[in-house]
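First comes the structure, then the notes that go with it.
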Amino acid sequence: MALLLGAFARLLSFPRVFAGNKLSFVGGPDAYCHLRRAELVLAGKLADVDQWANYPFGADVSLLPHAYSHILAFAMSHFGNIGLLTFPLLCGLLSIVVLKSLSDKFPSASFIMILYSVMPIVVILSSWGAIDHHCVEALCLVLALRGRRWYGVALLGSWLTTTTWPVIAMVIVVTEAIRSRIPWLQMLALVIGPLGLLIAGRSFFMDPWQNEIKEMKSLLAGSEGLTRSLTLMSVSLICIPWALHVWWKSRALDHVASLLSAALVTFPLALLHARFAIFLAVPGVFAMGEVLQSLRERFHRVISVAFIAASFTWIAIGLASIPNSAVDPPLAIRRALDVMRQVTPTPGDYLAPQQQPDYGVAAAWDLGHAITALAMRPAVASPYLSGNRGRDLMRNIFFSEPRIASEIADKHAARYLLLTKLRVAAGPARSLYERLYYDHDTQLGWDCIYQSPEIFRLDGVEVPAVQIWERNTGTVY
């Protein structure tokens, strides 16, 4: 039953994958990064530096594990796009199978299994077409929770395929400390476990750019934070504190040590950055099972039924949003990328990441991977963690006074601008972005070569939602 429900939930992304008669991936812009890396593997050109991202500086991609790119490349070469799209779904279903051996030890096993199989945060990141490596993270954590015999498999698998293997390693360390029953060692692990990850990854967590990324905000950030956490993880966040108390007091501490460890390590991470919520989903479903069992033992049956209904109501709301979620990138931008690939000159060898291309395309940073993988053009700004210089360059081109912005673009060979609707800070002078995007000023040395049929109105004026501008160095101001 859990496998069938899990498969059904993960196929809800089908309409998005083929929206507009185009093949799109789901799960965020990083999917297109992995698509490009798989293509580079098949061409025998995978490298630790990619000059087609963070142009013209190049992006250091040495931290991205090669093994995951090879897995996707294998799926592409043997099974085509269907194999590539299906791989994350298979990871999600395999994690359900592995979880069963853990849940069987709990009275609410069936409830836990069904919860995990349809938990929106897990489903979204292991849906059909979600080829980012998040689909492997939950599987590796579930393997680590199975016991000592699986530690090596979980840690090695995580290290080879993800960048979050320290989370798995810390869960294992804290689990063994709890099982030791040595009080000072237990307390040391409880303090150092969560703090150790934050200290070790301080350069990652303290990067100001993280504030621009939705998944890197707190799970409870903003006025809609609580609703967002409920639609992603149901009521598990509310249940975890109670479960931690029960597990810590449990006489069978060895039995729940791994769950206690996973919750203690990942709870603060998920509250700090929603990106880590998928790890918290695993102990989260067991926490909900623990609360359900307590309600059955202490209260009337109606209370436990109400808890089950509330749990699955939020899950249903979360799953219902999957088929109607926006395509990434939106179809209007996707069509613009197709035009860019067709009408702009080839800047170099797309499958030669270490060779400097002739020019770059400046656009919003979250479009960087799509520009490279779909338009096959170098992106000035990209979502790579090492891409701060490219993102700064994009902002300087977009939001400087037109003459200065054009000089910066010329200096760095940013020949094309892909303009979409962005938030612009008010200033004394209108920036190049505003003069081109809103005013359509053709006297600034830039020619508009594409306007999308999709428009929006601003002060009664129709503005094309997506525009491509080409530098015309022969134009005089």
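The distance from atom CG of Leu237 to atom CG of Leu232, rounded to the nearest 0.5 Å, is 9.5 Å. For the atom pair Leu64 CG and Asp30 CG, the distance stands at 8.5 Å (nearest 0.5 Å). The distance from atom CD of Glu462 to atom NE2 of His440, rounded to the nearest 0.5 Å, is 13.0 Å.
For Arg36, the salt bridge (Lys or Arg N to Asp or Glu O under 4.0 Å) partners two or more places apart in sequence, or in a different chain, are Asp50.
With Ser158 contributing its side chain and Leu155 its backbone, the two residues share no donor-acceptor pair below 3.5 Å. The backbone N or O of Cys448 lies less than 3.5 Å from no partner atom in the side chain of Gln451, so there is not a single donor-acceptor pair. With Arg377 contributing its side chain and Val361 its backbone, the two residues share no donor-acceptor pair below 3.5 Å. Counting only distance, with no hydrogens or angles, the side chain of Arg415 and the backbone of Glu470 share no donor-acceptor pair below 3.5 Å. With Thr161 contributing its side chain and Gly157 its backbone, the two residues share a donor-acceptor pair below 3.5 Å. Judged purely by atom type and a 3.5 angstrom limit, Tyr116 has no side-chain atom pairing as donor or acceptor with the backbone of Ser95. Although no hydrogens or angles enter the test, the distance criterion places a donor-acceptor pair under 3.5 Å between the side chain of Tyr68 and the main chain of Asp132.
If you run ring-ring contact (aromatic ring centres under 6.0 Å, His included) between Tyr433 and each of Trp469, Trp446, Phe399, only Phe399 comes through. For the side-chain hydrogen bond (donor to acceptor under 3.5 Å, both in side chains) with Glu137, the qualifying choice from Thr164, Thr163, Thr162 is Thr164, the only one to do so. Checked against Met233 for a side-chain contact (heavy atoms from CB on, under 4.5 Å), the options Val122, Ile240, Ile121 give a single hit: Ile121.
Heavy atoms from other residues, nucleotides or ligands lying under 6.0 Å from CZ of Arg389 number 12 at most.
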Could you list the donor-acceptor pairs under 3.5 angstrom formed by side chains in residues 73-89, with sequence neighbours left out?
unit_1: Ser77; atom_1: OG; unit_2: Ala73; atom_2: O; d: 3.1
unit_1: Ser77; atom_1: OG; unit_2: Phe74; atom_2: O; d: 3.0
unit_1: His78; atom_1: ND1; unit_2: Phe74; atom_2: O; d: 3.1
unit_1: Thr86; atom_1: OG1; unit_2: Ile82; atom_2: O; d: 2.6
unit_1: Thr86; atom_1: OG1; unit_2: Trp128; atom_2: NE1; d: 3.0

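Side-chain polar atoms of Ser126 and Arg10 form a donor-acceptor pair below 3.5 angstrom.
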Intermediate values then yes/no, side chain to side chain contact (heavy atoms under 4.5 Å, CB included), Phe25 and His34: CA-CA 10 Å; Phe25 297 100; His34 292 289; over 6 Å; no
Begin from the C-alpha positions of Met288 and Val235 and carry the test side chain to side chain contact (heavy atoms under 4.5 Å, CB included) through to its verdict. CA-CA 7 Å; Met288 292 173 69; Val235 295; 3.7 Å; yes
Evaluate the side chain to side chain contact (heavy atoms under 4.5 Å, CB included) criterion for residues Leu145 and Leu99: first the C-alpha distance (whole Å), next the side-chain angles of each, then the deciding distance (0.1 Å), finally the verdict. CA-CA 9 Å; Leu145 299 184; Leu99 191 78; 5.9 Å; no
Before giving the answer on side chain to side chain contact (heavy atoms under 4.5 Å, CB included), spell out for His369 and Tyr384 the whole-Å C-alpha distance, their side-chain angles and the decisive distance to 0.1 Å. CA-CA 9 Å; His369 290 326; Tyr384 282 121; 3.4 Å; yes
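In terms of heavy-atom proximity, Val136 sits nearest to Cys91 at CG2-SG, 4.3 Å. Summarising the geometry of Val17 relative to Gly129, their closest heavy-atom pair is CG2-CA, 4.4 Å, with the distance given to 0.1 Å.
Using a cut-off of 4.0 Å between Lys/Arg side-chain N and Asp/Glu carboxylate O, Arg435 and Glu401 are scored as not salt-bridged. For the pair Asp392 and Arg395, the salt-bridge criterion is met [side-chain N within less than 4.0 Å of a carboxylate O].
Using a 4.5 Å cut-off on side-chain heavy atoms (C-beta onward), Leu418 and Met340 make contact.
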